[in-house]
Chemist: 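If you scroll down you'll find the structure; I have some questions about it.
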Amino acid sequence: MSVIYIKDRNHVLELGFQDVTKYHGNLALMAVAVGFRSLQAAFAELFGEEAPDRKEISILSGHAGPGFRDVFEYVTRTVTRQVYQVDVNYPVSQFDPYRAQSYAFVITAADGRAVEVSLRDDFLPAAFYDYLKKGREQSMTEQDEQDFDQLKLALSKRAMELSQSKLLQVKRIS
(Lines give C-alpha, C1' and ligand atoms only; values in the text may rest on other atoms or scores of the structure.)
Protein backbone atom coordinates (compact mmCIF):
# COMPACT_ATOMS: atom_id res chain seq x y z
CA MET A 1 0.00 0.00 0.00
CA SER A 2 1.28 3.44 -0.90
CA VAL A 3 1.48 5.72 2.11
CA ILE A 4 2.63 9.15 3.22
CA TYR A 5 3.88 9.82 6.74
CA ILE A 6 3.19 13.25 8.19
CA LYS A 7 3.32 14.71 11.68
CA ASP A 8 0.28 16.25 13.25
CA ARG A 9 0.72 17.61 16.80
CA ASN A 10 3.79 15.44 17.38
CA HIS A 11 2.03 12.27 16.22
CA VAL A 12 3.14 10.61 13.00
CA LEU A 13 0.17 9.72 10.82
CA GLU A 14 0.28 7.04 8.14
CA LEU A 15 -2.02 8.17 5.33
CA GLY A 16 -2.71 5.71 2.56
CA PHE A 17 -3.86 6.41 -0.96
CA GLN A 18 -7.13 4.63 -0.19
CA ASP A 19 -7.69 6.99 2.75
CA VAL A 20 -7.45 9.97 0.42
CA THR A 21 -9.86 8.44 -2.10
CA LYS A 22 -12.38 7.88 0.70
CA TYR A 23 -12.07 11.57 1.58
CA HIS A 24 -12.33 12.78 -2.03
CA GLY A 25 -14.71 10.29 -3.62
CA ASN A 26 -14.51 9.25 -7.27
CA LEU A 27 -14.79 12.54 -9.16
CA ALA A 28 -11.12 13.19 -10.00
CA LEU A 29 -9.22 9.99 -9.27
CA MET A 30 -6.40 10.76 -11.69
CA ALA A 31 -5.74 14.05 -9.92
CA VAL A 32 -5.87 12.42 -6.50
CA ALA A 33 -3.29 9.83 -7.59
CA VAL A 34 -0.96 12.36 -9.23
CA GLY A 35 -1.32 14.71 -6.26
CA PHE A 36 -0.55 11.90 -3.82
CA ARG A 37 2.53 10.85 -5.77
CA SER A 38 3.59 14.52 -6.04
CA LEU A 39 3.51 14.88 -2.26
CA GLN A 40 5.52 11.67 -1.84
CA ALA A 41 8.14 12.97 -4.26
CA ALA A 42 8.28 16.43 -2.69
CA PHE A 43 8.54 15.09 0.86
CA ALA A 44 11.32 12.68 -0.11
CA GLU A 45 13.27 15.53 -1.73
CA LEU A 46 12.72 18.00 1.10
CA PHE A 47 12.73 15.77 4.17
CA GLY A 48 14.30 12.45 3.17
CA GLU A 49 12.99 9.69 5.44
CA GLU A 50 11.69 12.14 8.08
CA ALA A 51 7.95 12.79 8.29
CA PRO A 52 7.31 16.51 7.81
CA ASP A 53 5.05 18.43 10.14
CA ARG A 54 1.79 19.52 8.53
CA LYS A 55 2.13 23.04 9.89
CA GLU A 56 5.46 23.49 8.08
CA ILE A 57 4.13 22.89 4.55
CA SER A 58 2.68 25.37 2.07
CA ILE A 59 1.59 24.61 -1.49
CA LEU A 60 1.26 26.51 -4.74
CA SER A 61 -0.86 24.45 -7.12
CA GLY A 62 -0.97 25.14 -10.83
CA HIS A 63 -4.23 23.21 -11.03
CA ALA A 64 -7.55 24.43 -9.65
CA GLY A 65 -9.33 21.06 -9.66
CA PRO A 66 -10.91 19.36 -6.65
CA GLY A 67 -8.78 16.20 -6.84
CA PHE A 68 -5.51 18.01 -6.31
CA ARG A 69 -7.03 20.34 -3.71
CA ASP A 70 -8.48 17.44 -1.74
CA VAL A 71 -5.31 15.36 -1.61
CA PHE A 72 -3.26 18.39 -0.56
CA GLU A 73 -5.83 19.32 2.09
CA TYR A 74 -6.20 15.79 3.43
CA VAL A 75 -2.48 15.25 3.83
CA THR A 76 -1.24 18.74 4.77
CA ARG A 77 -4.31 20.81 5.76
CA THR A 78 -2.92 23.65 3.65
CA VAL A 79 -6.38 24.79 2.54
CA THR A 80 -7.66 24.97 6.12
CA ARG A 81 -4.47 26.71 7.24
CA GLN A 82 -4.77 29.18 4.35
CA VAL A 83 -1.32 28.38 2.93
CA TYR A 84 -2.66 26.86 -0.30
CA GLN A 85 -2.59 29.00 -3.44
CA VAL A 86 -3.72 28.25 -6.97
CA ASP A 87 -2.13 29.79 -10.05
CA VAL A 88 -3.47 28.15 -13.21
CA ASN A 89 -1.04 30.28 -15.21
CA TYR A 90 2.00 28.74 -13.53
CA PRO A 91 4.31 28.36 -16.55
CA VAL A 92 5.33 24.71 -16.12
CA SER A 93 3.38 21.68 -17.41
CA GLN A 94 0.71 23.64 -19.28
CA PHE A 95 -0.64 20.71 -21.32
CA ASP A 96 -4.36 21.47 -21.71
CA PRO A 97 -4.88 22.83 -25.27
CA TYR A 98 -8.19 24.49 -24.32
CA ARG A 99 -7.35 26.54 -21.22
CA ALA A 100 -4.66 27.62 -18.80
CA GLN A 101 -4.10 24.87 -16.26
CA SER A 102 -0.76 23.72 -14.95
CA TYR A 103 0.08 20.24 -13.76
CA ALA A 104 2.91 21.55 -11.57
CA PHE A 105 3.04 22.08 -7.82
CA VAL A 106 5.47 23.94 -5.60
CA ILE A 107 5.75 22.46 -2.13
CA THR A 108 7.58 24.68 0.35
CA ALA A 109 8.89 23.92 3.83
CA ALA A 110 8.74 26.48 6.64
CA ASP A 111 12.51 27.05 6.37
CA GLY A 112 12.13 28.18 2.73
CA ARG A 113 13.29 25.02 0.99
CA ALA A 114 11.03 24.38 -2.00
CA VAL A 115 10.57 21.80 -4.70
CA GLU A 116 8.64 21.95 -7.95
CA VAL A 117 6.93 18.71 -8.89
CA SER A 118 5.46 18.53 -12.37
CA LEU A 119 3.63 15.88 -14.34
CA ARG A 120 5.45 14.52 -17.37
CA ASP A 121 3.99 15.63 -20.68
CA ASP A 122 3.31 12.11 -21.96
CA PHE A 123 1.08 10.93 -19.10
CA LEU A 124 -2.32 12.37 -20.05
CA PRO A 125 -3.78 11.46 -23.47
CA ALA A 126 -5.40 14.09 -25.68
CA ALA A 127 -8.82 12.50 -25.04
CA PHE A 128 -8.53 13.50 -21.37
CA TYR A 129 -8.55 17.21 -22.28
CA ASP A 130 -11.34 16.68 -24.80
CA TYR A 131 -13.52 15.16 -22.07
CA LEU A 132 -12.71 18.03 -19.70
CA LYS A 133 -13.74 20.51 -22.39
CA LYS A 134 -17.00 18.67 -23.03
CA GLY A 135 -17.67 18.67 -19.30
CA ARG A 136 -17.18 22.44 -19.05
CA GLU A 137 -19.46 22.91 -22.07
CA GLN A 138 -22.02 20.52 -20.56
CA SER A 139 -22.03 18.51 -23.78
CA MET A 140 -21.05 15.13 -22.34
CA THR A 141 -23.24 12.22 -23.34
CA GLU A 142 -23.94 9.41 -20.90
CA GLN A 143 -21.43 7.30 -22.83
CA ASP A 144 -18.84 10.09 -22.63
CA GLU A 145 -19.30 10.22 -18.85
CA GLN A 146 -18.83 6.46 -18.54
CA ASP A 147 -15.79 6.50 -20.81
CA PHE A 148 -14.24 9.45 -18.97
CA ASP A 149 -14.80 7.76 -15.60
CA GLN A 150 -13.05 4.65 -16.92
CA LEU A 151 -10.18 6.73 -18.29
CA LYS A 152 -9.73 8.56 -14.97
CA LEU A 153 -9.73 5.24 -13.10
CA ALA A 154 -7.16 3.74 -15.50
CA LEU A 155 -4.97 6.85 -15.24
CA SER A 156 -5.22 6.75 -11.44
CA LYS A 157 -4.02 3.14 -11.37
CA ARG A 158 -1.25 3.94 -13.82
CA ALA A 159 -0.12 6.95 -11.77
CA MET A 160 0.18 4.76 -8.70
CA GLU A 161 2.08 2.01 -10.58
CA LEU A 162 4.59 4.05 -12.59
CA SER A 163 8.00 4.81 -11.19
CA GLN A 164 8.34 8.35 -9.94
CA SER A 165 10.75 9.24 -12.74
CA LYS A 166 8.30 8.12 -15.44
CA LEU A 167 5.42 10.04 -13.89
CA LEU A 168 6.95 13.21 -12.46
CA GLN A 169 9.80 15.66 -12.77
CA VAL A 170 11.15 16.90 -9.45
CA LYS A 171 13.23 20.07 -9.28
CA ARG A 172 14.64 21.74 -6.19
CA ILE A 173 13.99 25.46 -6.56
CA SER A 174 15.33 26.72 -3.21
Side-chain angles (χ1 to χ4, degrees), residues 2-10 12-17 19-20 23-24 28-126 128-129 132 155-156 158-174:
S2 190
V3 298
I4 291 175
Y5 295 97
I6 193 149
K7 289 181 200 164
D8 184 61
R9 298 182 184 199
N10 296 319
V12 176
L13 305 176
E14 179 182 285
L15 305 177
F17 176 67
D19 299 326
V20 179
Y23 174 76
H24 171 74
L29 288 176
M30 179 286 299
V32 172
V34 170
F36 190 86
R37 294 292 308 278
S38 294
L39 287 175
Q40 285 179 318
F43 291 173
E45 178 68 25
L46 293 171
F47 304 100
E49 296 292 319
E50 185 178 334
D53 194 310
R54 276 181 166 162
K55 67 184 178 190
E56 295 184 7
I57 305 295
S58 62
I59 297 175
L60 170 67
S61 176
H63 200 287
F68 292 109
R69 180 202 61 225
D70 284 356
V71 71
F72 296 151
E73 170 64 4
Y74 185 78
V75 174
T76 67
R77 297 293 189 237
T78 51
V79 177
T80 298
R81 294 183 300 108
Q82 299 180 342
V83 290
Y84 177 75
Q85 296 179 311
V86 175
D87 178 3
V88 296
N89 294 304
Y90 190 78
V92 176
S93 296
Q94 287 281 345
F95 305 135
D96 191 324
Y98 305 112
R99 66 179 176 163
Q101 192 82 274
S102 171
Y103 289 84
F105 316 98
V106 177
I107 292 86
T108 305
D111 64 7
R113 292 176 298 138
V115 65
E116 176 188 85
V117 181
S118 56
L119 186 63
R120 292 205 171 270
D121 64 357
D122 60 352
F123 180 72
L124 294 172
F128 183 83
Y129 305 109
L132 287 175
L155 289 168
S156 171
R158 186 167 175 246
M160 295 306 293
E161 293 169 354
L162 281 175
S163 68
Q164 177 181 305
S165 64
K166 290 190 178 188
L167 179 67
L168 304 167
Q169 294 179 6
V170 180
K171 179 176 137 185
R172 184 69 78 101
I173 55 176
S174 64

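The structure displayed is predicted, hence computed values, not measured ones. All residue numbers in this chain count up from 1 along the given sequence.
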Chemist: Under the ring pair (Phe, Tyr, Trp, His ring centres under 6.0 Å) rule, what pairs show up with a residue in residues 83-103, not counting sequence neighbours?
Modeler: His63-Tyr103
Chemist: Could you report the tightest heavy-atom contact between Arg37 and Ser163, atom names first, then the distance?
Modeler: NH2-C, 3.7 Å
Chemist: Please determine if Arg120 and Asp122 form a salt bridge, counting it only when a charged side-chain N lies under 4.0 Å from a carboxylate O.
Modeler: no
Chemist: Show the numbers, then the answer: is there a side-chain contact (heavy atoms from CB on, under 4.5 Å) between Leu168 and Ser38?
Modeler: CA-CA 7 Å; Leu168 304 167; Ser38 294; 3.8 Å; yes
Chemist: Can you tell me how far the CG atom of Leu13 sits from the CD1 atom of Ile4, to the nearest 0.5 Å?
Modeler: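 Here the interatomic distance stands at 11.5 Å.
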Chemist: Can you find a heavy atom in the side chain of Lys171 that is under 4.5 Å from one in the side chain of Val92?
Modeler: no
Chemist: Does any N or O in the side chain of Arg81 come within less than 3.5 Å of the main-chain N or O of Thr76, such that one atom is a donor and the other an acceptor?
Modeler: yes
Chemist: What residues form a salt bridge (charged side-chain N to carboxylate O under 4.0 Å, His left out) with Asp96, not counting sequence neighbours?
Modeler: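 With neighbours one apart ignored, the set is Arg99.
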Chemist: Suppose we screen for salt bridge (charged side-chain N to carboxylate O under 4.0 Å, His left out). Which residues come up paired with Lys7, at least two apart in sequence or across chains?
Modeler: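 Residues passing salt bridge (charged side-chain N to carboxylate O under 4.0 Å, His left out) with Lys7: Glu50.
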Chemist: Suppose we screen for ring-ring contact (aromatic ring centres under 6.0 Å, His included). Which residues come up paired with Phe72, at least two apart in sequence or across chains?
Modeler: Phe105
Chemist: Search all heavy atoms of Phe47 against all heavy atoms of Ala109 and return the closest pair with its distance.
Modeler: CZ-CB, 3.7 Å
Chemist: If you look at every heavy atom in Ile173 and Glu116, which pair is closest and at what distance?
Modeler: CG2-CB, 4.1 Å
Chemist: Check for a donor-acceptor pair, side chain of Ser174 on one end and backbone N or O of Gly112 on the other, with a separation under 3.5 Å.
Modeler: yes
Chemist: Should Leu15 and Tyr23 count as side-chain neighbours, where that means a heavy-atom distance under 4.5 Å?
Modeler: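 No; the side chains remain at least 4.5 Å from each other.
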Chemist: How far apart are the closest heavy atoms of Leu167 and Leu119, and which atoms are they?
Modeler: O-CD1, 3.5 Å
Chemist: How would you list, by chain and number, every residue that makes a salt bridge (charged side-chain N to carboxylate O under 4.0 Å, His left out) with Arg158, sequence neighbours excluded?
Modeler: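 Applying salt bridge (charged side-chain N to carboxylate O under 4.0 Å, His left out) to Arg158 gives none.
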Chemist: Rounded to the nearest 0.5 Å, how far does CD of Glu14 lie from CG of Asp19?
Modeler: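 So the CG of Asp19 and the CD of Glu14 are separated by 8.5 Å.
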Chemist: Just to verify, what does Asp8 make a salt bridge (charged side-chain N to carboxylate O under 4.0 Å, His left out) with, not counting sequence neighbours?
Modeler: Arg54
Chemist: First locate atom CZ of Phe43, then atom CD of Glu49, and finally report the distance between them rounded to the nearest 0.5 Å.
Modeler: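 If we round to the nearest 0.5 Å, Phe43:CZ and Glu49:CD are 14.0 Å apart.
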Chemist: How many angstroms lie between OG in Ser156 and CE in Met30, if you round to the nearest 0.5 Å?
Modeler: 9.0 Å
Chemist: As an exercise, state the distance from CD of Gln85 to CD1 of Ile59, rounded to the nearest 0.5 Å.
Modeler: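 One gets 11.0 Å once the value is rounded to the nearest 0.5 Å.
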Chemist: Which pair of non-hydrogen atoms, one from Gln101 and one from Ala64, has the smallest distance, and what is that distance?
Modeler: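 Where Gln101 meets Ala64 most closely, the heavy atoms are OE1-N, 3.0 Å.
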Chemist: Determine the minimum heavy-atom distance between Ala33 and Phe17, stating which atoms define it.
Modeler: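 Taking every non-hydrogen atom into account, CA-CE1, 3.5 Å.
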Chemist: Is any side-chain heavy atom of Glu73 closer than 4.5 Å to a side-chain heavy atom of Thr80?
Modeler: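 In short, these two side chains touch, coming nearer than 4.5 Å.
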Chemist: Should the heavy atoms of other residues, nucleotides or ligands under 6.0 Å from CD of Gln164 be counted, would the total exceed 12?
Modeler: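 Enclosed.
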Chemist: May I have the step-by-step check of side-chain contact (heavy atoms from CB on, under 4.5 Å) for Ile107 and Ile57, ending in yes or no?
Modeler: CA-CA 7 Å; Ile107 292 86; Ile57 305 295; 4.0 Å; yes
Chemist: Counting C-beta onward and ignoring hydrogens, is there a side-chain heavy-atom pair between Leu46 and Arg172 closer than 4.5 Å?
Modeler: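 Sidechains of Arg172 and Leu46: in contact.
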Chemist: Please report the interatomic distance CG(Leu39) to CD1(Ile6), rounded to the nearest 0.5 Å.
Modeler: 7.5 Å
